[in-house]
Each structure stands twice: as C-alpha cells, then as structure tokens.
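In what follows, a single structure is set out as structure tokens and then discussed.
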Amino acid sequence: MKKENLVSVPFMVLGIVFCTCLVAANLLETKVVQLGPISVTAGLIVFPVSYIINDCIAEVWGFRKARLIIWMGFLMNFMVVAMGQIAVALPAAPFWEGEEGFNFVFGMAPRIAAASLTAFLVGSFINAYVMSRMKVASHGKNFSARAILSTVAGEGADSLIFFPLAFGGLMPVSELAKMMLVQVILKTLYEVIVLPVTIRVVKYIKRVDQSDVYDEHISYNVLKISDIN
C-alpha cells in the first residue's frame with residue numbers, strides 16, 4: 001500500500017471525534033435550553049466542535065481528506081437516524097414505561113432529519129472549501145482568520161438551509177431570521193473562544209504527523225470520495 005494512502009493515528013482520532021460530535025449534536029438538538037434572553041438547542045454544546053475539527057483536517061491534510069471525513073460523518077448520522085426510526089417503529093414491551101421519552105428523542109420527523117443532514121453536508125463542504133482556498137491564497141498564513149471566516153461561511157450556509165427547511169411555515173419569518181442569526185453568532189463565538197486550543201492542536205499534529213497539505217490543482221468535486229491522496 002502506498003504511504004500516502006495510509007491513515008495516521010491523529011487523522012483517525014479526529015475522524016472518530018468528528019462523527020461522534022455529529023451524532024451527539026443530533027440527539028442533543030431535541031432539548032431547547034435558555035441562555036439569558038435567548039433560547040437555543042442543546043446541540044450548540046457540541047456541534048461547533050465538528051467545524052473546528054473540519055478546520056483542523058482541511059488545514060493539515062487538505063480538502064480531499066476533509067471530504068472523506070464529511071461523507072463518513074453524514075453516513076454515520078444517517079445510520080443513527082435510520083436505526084432510530086426502526087427502533088421507534090418496533091412494538092414496545094408491555095412493562096416498559098420509557099416509550100414516550102425514547103420516541104421524542106429518536107423519532108425525529110423526516111422533515112427535520114432531511115433538513116439537518118442536508119444543512120450539515122452543505123455547511124461542512126463550504127467550510128472545508130473556504131479553508132482550503134484561503135490557505136493556498138495566503139500561502140499558509142493567517143490561520144486564525146481563515147478558521148473564523150470559514151466557520152462563518154459554513155455555519156451561515158448551515159443555518160440558511162436548516163431553519164427554513166425544518167421550520168418554514170411553522171413560525172414567523174422574523175423569528176426564523178432571528179434564530180439563524182443567533183446560531184451563526186454563537187457558533188462563531190465558540191470557535192473564537194477555543195481558537196487558542198485549535199491553533200496548538202494544529203501545530204502539534206503538523207509536527208507529529210509531518211503533514212501540511214496545500215490543495216493546488218485538485219478537484220473540489222464533493223462526490224470524488226475515492227480521491228484521498
């Protein structure tokens with residue numbers, strides 16, 4: 001096997017954490033929490049971590065490896081949603097009293113599930129693309145600015161897709177716009193707050209993995225999953 005086709009331990013670990021964060025975020029989305037004057041879903045605790053990992057992977061290994069991880073995250077999320085639907089459809093034991101709570105968490109409406117998965121794909125690929133193109137254009141400089149701007153682009157696209165698809169027609173347009181804006185701002189602030197940690201992690205991985213890919217003359221076709229060299 002060619003060396004460039006091997007998967008390093010840091011890449012594998014980040015990939016596992018990425019998929020775990022996405023599955024956890026989908027489950028945590030079922031709870032709405034109050035933060036001062038604003039209401040947000042509990043998924044805000046963990047979902048931004050997936051964008052931070054996306055930044056790390058795109059920065060160290062390039063867009064092609066990020067593309068692989070994004071599709072893996074999508075498939076793992078889809079599998080959990082599908083298995084959840086099957087579990088909800090199965091008849092509960094007569095003595096079991098937790099069906100209502102279980103169905104509330106795992107019985108995600110098809111509209112919400114479709115909106116969530118579509119928004120994730122688009123937002124994640126935009127995040128990786130912006131990160132990749134800006135790295136080449138800046139010759140690898142200004143990582144902080146690239147991480148923040150790519151997150152704004154990705155999270156913005158995610159919110160613009162998810163909220164109208166999931167809640168369009170169910171609440172006033174003004175409320176939808178407010179929710180989208182709040183989500184983008186809070187998730188970007190999350191990125192800014194943990195940026196010092198992200199910078200150290202990226203530097204550490206580059207040193208240990210001896211990898212620092214520049215995406216020159218590559219295909220940004222999101223369907224070319226097999227192209228990971």
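Everything numeric in this text was worked out from a predicted model, so none of it was measured.
- In plain terms, the two heavy atoms of S138 and K141 that are nearest each other are OG-O, 3.0 Å.
- Scanning both residues, I225 and W71, for their nearest heavy atoms gives CG1-CD1, 3.6 Å.
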Kindly indicate, with the supporting measurements, whether the criterion side chain to side chain donor-acceptor pair (under 3.5 Å) is fulfilled by D55 and T198. CA-CA 9 Å; D55 287 342; T198 307; over 6 Å; no

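- F78 and F74 have parallel rings, their planes meeting at less than 30° on a 0 to 90° scale where 60° marks the start of perpendicular.
- At a threshold of 4.5 Å between side-chain heavy atoms, the hydrophobic network of Ile, Leu, Val, Met, Phe, Trp and Tyr places I57 and M12 in one connected group.
- Counting all heavy atoms, side chain and backbone alike, G154 lies closest to I126 at N-CG2, 4.1 Å.
- The distance from the CH2 atom of W96 to the CZ atom of F102 is 5.5 Å, given to the nearest 0.5 Å.
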Begin with the C-alpha distance, continue with both residues' side-chain angles, and end with the deciding distance and a verdict on side chain to side chain contact (heavy atoms under 4.5 Å, CB included) for L22 and M76. CA-CA 8 Å; L22 294 177; M76 295 304 98; over 6 Å; no

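- Proximity of a side-chain donor or acceptor of R67 to a complementary backbone N or O of F125 within less than 3.5 Å is not detected.
- The side-chain contact (heavy atoms from CB on, under 4.5 Å) with M131 is formed by just one residue from the set Y51, F63, F143; it is F143.
- Under the 4.5 Å side-chain heavy-atom criterion for ILVMFWY residues, no single connected hydrophobic cluster contains both L27 and M79.
- Within a 6.0 Å radius of CZ in F104, no more than 12 heavy atoms belonging to other residues, nucleotides or ligands are found.
- Checked by atom type and distance alone, the side chain of T151 pairs as donor or acceptor with a backbone atom of A147 at under 3.5 Å.
- Within a 6.0 Å radius of OH in Y220, other residues, nucleotides and ligands contribute more than 12 heavy atoms.
- Between the D209 side chain and the S211 main chain, no donor and acceptor come within less than 3.5 Å of each other.
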Given side chain to side chain contact (heavy atoms under 4.5 Å, CB included), test E155 with E191 step by step and report yes or no. CA-CA 11 Å; E155 294 285 10; E191 168 101 31; over 6 Å; no

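- For the atom pair CG of L176 and CE of M180, the computed distance is 5.5 Å after rounding to the nearest 0.5 Å.
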Take I218 and D215 through the test side chain to side chain contact (heavy atoms under 4.5 Å, CB included) and record every step on the way to the result. CA-CA 6 Å; I218 72 162; D215 292 320; 3.5 Å; yes

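- Rounded to the nearest 0.5 angstrom, L75 CG and I70 CD1 are separated by 12.0 Å.
- In this structure, K187 NZ and D158 CG are separated by 5.0 Å, a value rounded to the nearest 0.5 Å.
- In this structure, the side chains of N26 and V80 stay at 4.5 Å or more apart for every pair of heavy atoms.
- In this structure, F18 and G73 approach most closely via the heavy-atom pair CE2-CA, 4.2 Å.
- Here the CZ-CG distance, from F47 to L186, works out to 13.5 Å after rounding to the nearest 0.5 Å.
- Of all the heavy atoms in W61 and S8, the pair that sits closest is CZ2-OG, 3.8 Å.
- Linking ILVMFWY side-chain heavy atoms closer than 4.5 Å, directly or via other members, places V9 and L14 in a single hydrophobic cluster.
- Across V23 and N77, no two heavy atoms sit closer than the pair CA-OD1, 3.7 Å.
- Not a single donor-acceptor pair under 3.5 Å links the side chain of R146 to the backbone N or O of V130.
- At a threshold of 4.5 Å between side-chain heavy atoms, the hydrophobic network of Ile, Leu, Val, Met, Phe, Trp and Tyr places L90 and V105 in two separate groups.
- Of the possible polar contacts, none joining the S124 side chain to the L121 backbone as a donor-acceptor pair under 3.5 Å is found.
- Of the inter-residue distances, the one linking L28 atom CG with I45 atom CD1 reads 6.0 Å to the nearest 0.5 angstrom.
- Counted within 6.0 Å of CE on M72, heavy atoms from surrounding residues, nucleotides or ligands total 12 or fewer; the atom is thus considered open.
- Residues V60 and V213 do not share a hydrophobic cluster, clusters being chains of Ile/Leu/Val/Met/Phe/Trp/Tyr side chains in contact below 4.5 Å.
- Considering only heavy atoms from C-beta on, V222 stays 4.5 Å or farther from Y129 through its side chain.
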Check the pair T118, F162 against side chain to side chain contact (heavy atoms under 4.5 Å, CB included), reporting the backbone distance first and the verdict last. CA-CA 8 Å; T118 302; F162 175 73; over 6 Å; no

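- Under 4.0 Å is where a charged nitrogen must lie from a carboxylate oxygen, and between K135 and D212 at least one such pair does.
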